[in-house]
Amino acid sequence: MPNIRARLLVVLVVLSGFLTAGGVRPATAEALPDSLWFDDTPVTVQDGGFTDGQGREVVLRGYNVSGETKLAENNGLPFASGADAKKSATALRALGGGNSVRFLLSWAYAEPVRGQVDTDYLAAATDQMRAFLDAGIRVYPDFHQDLYSRHLFDPDSWYTGDGAPKWAVDAGNYPDENCGICLFWGQNITQNEAVKRASYDFWHNAYGLQDAFLTTAQKTMAYVKQHVSAAQFAGVVGFDPYNEPHAGVYDSGQTSRAWEKDVLWPFYERFRSRMDAAGWQDKPAFVEPNLFWNANIGFQKQEGGLLDAGALGPDYVFNTHFYDQKAISGIFMPGKAADGQYSADFGTVRDRAEATGTAGIISEFGHPLAGTVSDKAPTVLKGMYQALDSRLPGSRWWSNPVGSGSVLSGTQWQWDIYNGRHHELMNGNPDKVLTSGDAWNDEDLSAVRLDDSGKPTLRQDGRLLDRLYPSATAGTTVGFTYEDRSRDGSTTLTWNPVPSSLPNVARLVGSGQYGLLLWRSDGTSAPTELHLPASFPTSTTTVVSDLGTSYGPPAYTRTTPIAAAREPGGTGSRRLLLTAPDQDVLHYALVTNGATAPSADLLNAARSELSAWAAQRVK
């Protein structure tokens, strides 16, 4: 029998190798549609970055799903139904270009009665989560809170919150909420005594609040693991323990930095142990510093950034948010954003992640799409995506590509298909039914909505949102840039034109979009992947690389250096695949939609220019 088993095993190995040689994987019950042999591996943290099972650098890009969780109309769930979740996931992949989501959950609905987890809520949330996993979208859940809890607020209040259940608020006997003269809902964090005292009690485990939260979090994680398949669980990247933490009230003499060290970090260690107990030991906690650590208005900034946490390693991800408070204020930034506007801000995030020895992600960023400052949104969002791609402004990228830095992961706030179609009783008040925008504290930031036929449609320029980006790099990224040519009204924003010193490259790109990736190979046999936006049809996409040139890349095989394929999940989204299984070799790839049937002479001339440029600029 042992010899027969051995022979059968050899036959199976040979057959497996034959079936995957052309890039087609054997059919399995768990494989996602359109998967290839190198797909479907878990993402972990290694060597200070996100890494897949093939050893490739991974970039997570996508959206928060969804602020609907902060509302009562669908009982703390992102969607009214599993069908809506599937519709949203497909659109997020096909229209929004996302490969990941921060998936919001509600403590209030997970534990409405103290000590009793609502399994109906967990079942519905897990079902909606599966819709994204089945669409090939990686997920990291987030127990979300803002202003601690909606149950702190009066029915006629100007504001509301989300997060903690009613029993947690009832335990504290907090003062009647009042923000005084507050123009923005976030001022409640530091001005509303009810919010401040409740937050303080949570962090100090008054009434056992933190213990209860951690127990519910562990039960939630255990439930998710038990009710998704192994392949689906591989798509779960980690867990965000607590949204936008703040002390509420500092103890006498305590600084924000000391609070992070003595109060916040021990909470994260406790959460980490609950993850391990729930079977999430191979997935990181996406831990956030004090939310004001990187504020860009001086009087709001507080020292922090987990400065005393030491080396976080693979158990944690440095996870932060960034909003341009100056732009949102309407006072401190009178104009619009410009080239390189956020290079320094996002560079600080890169530096903190590197200093802590782990991956970094900006899990929330965005700008209002309605109201008095909404005219800034096209430039603010372009600037933020530019800063995710590179730490350099476009005007300096071509002269110093090695200064580009790592490509940051990020999830935009937010993806809410119900935008403008809500029916939310604010703080339970039947006389205050909110329907417009995001139906929460006058916010309106969703990148998507449903049209009158029920079809998801983008509210922002698709050229801005559906972007070319390196989702998996087989080696080490040296530099990356993307010129999306997104619009501000009728004006095309071009912040990174091809320099005149590369005339054939400039001619090839023309007025089209382009991206340029430089990477150093590490012998990985799996290809480097770039997401292809809808504006890059495969048949008219041009690639100029040291690996060759291609107009209309062919279908992927293991031996095709420049190829295209669908992304996993069956949504029709596509990717460019660049195979370079050598070791420590500098490679480059220019990808553009600017040319129509370019001649071989033009392609070769552009390739010669890029080769000379890369040799000069990358030593």
Side-chain angles (χ1 to χ4, degrees), residues 17 20-21 23 25 35-61 99-100 138 234 237 282 284 311 313-314 317 350 353-354 357-361 388-391 401-409 468-482 515-531 543-548 553 556-565 567-568 575-591 610-611 613-615 617-619:
T20 60
R25 67 186 304 146
S35 290
L36 297 172
W37 66 270
F38 46 84
D39 293 324
D40 304 335
T41 62
V43 168
T44 57
V45 175
Q46 295 181 32
D47 301 322
F50 293 113
T51 306
D52 70 6
Q54 309 295 339
R56 299 179 297 174
E57 292 181 349
V58 168
V59 173
L60 303 175
R61 288 288 177 87
N99 67 0
S100 59
R138 297 190 185 272
V237 184
D282 296 327
V317 167
R350 287 179 171 88
E354 182 178 353
T358 190
I361 188 169
L388 285 174
D389 290 343
S390 169
R391 65 191 304 156
V402 295
S404 190
S406 60
V407 181
L408 267 176
S409 294
L468 188 85
Y469 61 92
S471 52
T473 301
T476 302
T477 301
V478 174
F480 175 69
T481 189
Y482 180 53
L516 179 54
L517 174 69
L518 298 109
W519 76 102
R520 199 171 292 278
S521 59
D522 65 355
T524 303
S525 59
T528 289
E529 298 186 37
L530 293 98
H531 169 70
V543 183
V544 176
S545 171
D546 65 290
L547 302 173
Y556 171 77
T557 72
R558 284 178 182 262
T559 58
T560 306
I562 301 173
E567 290 175 317
R575 49 186 163 169
L576 181 71
L577 302 172
L578 305 168
T579 300
D582 44 26
Q583 183 77 37
D584 198 30
V585 175
L586 178 69
H587 297 284
Y588 67 84
L590 172 81
V591 188
L610 286 170
S611 293
W613 168 82
R617 297 298 180 184
V618 183
K619 304 297 184 182

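Not counting sequence neighbours, Ser545 has no partner by the side-chain hydrogen bond (donor to acceptor under 3.5 Å, both in side chains) test. Partners of Ser611 according to the side-chain contact (heavy atoms from CB on, under 4.5 Å) rule, which considers only residues two or more places apart in sequence or in another chain, are Tyr588, Arg607. Remark: Gln583 pairs with no residue by the side-chain hydrogen bond (donor to acceptor under 3.5 Å, both in side chains) rule, at least two apart or across chains. Residues that satisfy the salt bridge (Lys or Arg N to Asp or Glu O under 4.0 Å) test with Arg575, not counting sequence neighbours, are Asp39, Glu529. Scored by the side-chain contact (heavy atoms from CB on, under 4.5 Å) test, Pro284 finds Val45, Phe286, Val317 as partners (sequence neighbours excluded). Remark: Val585 engages Ser521, Asp582, His587 in a side-chain contact (heavy atoms from CB on, under 4.5 Å) (not counting sequence neighbours). With sequence neighbours excluded, the residues satisfying side-chain contact (heavy atoms from CB on, under 4.5 Å) with Ser409 are Phe50, Val59, Leu60, Ile361. A search for side-chain hydrogen bond (donor to acceptor under 3.5 Å, both in side chains) contacts involving Thr481 returns Asn496, not counting sequence neighbours. Annotation: ring pair (Phe, Tyr, Trp, His ring centres under 6.0 Å) contacts of Tyr482 (sequence neighbours excluded): none. Listed by chain and residue number, Thr477 satisfy the side-chain hydrogen bond (donor to acceptor under 3.5 Å, both in side chains) test with Glu57 (two or more places apart in sequence, or in another chain).
For Glu354, the CD atom sits in a loose shell: 12 or fewer heavy atoms of surrounding residues, nucleotides or ligands are nearer than 6.0 Å.
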Review point. Can you check side chain to side chain contact (heavy atoms under 4.5 Å, CB included) on Gln54 and Trp37, steps first, answer last?
Key: CA-CA 10 Å; Gln54 309 295 339; Trp37 66 270; 4.0 Å; yes
Exercise for review: Could you check Trp613 against Val618 for side chain to side chain contact (heavy atoms under 4.5 Å, CB included), going step by step and ending with a plain yes or no?
Suggested key: CA-CA 8 Å; Trp613 168 82; Val618 183; 5.8 Å; no
Check your understanding: Checking side chain to side chain contact (heavy atoms under 4.5 Å, CB included) for the pair Leu547/Thr579: CA distance, chi angles, key distance, verdict?
Key -> CA-CA 8 Å; Leu547 302 173; Thr579 300; over 6 Å; no
Review point. Passes side chain to side chain contact (heavy atoms under 4.5 Å, CB included), Val43 versus Thr51? Steps please.
Key: CA-CA 5 Å; Val43 168; Thr51 306; over 6 Å; no
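Between Asp389 and Arg61 there is a salt bridge, since a side-chain N of the basic residue sits under 4.0 Å from a carboxylate O of the acidic one.
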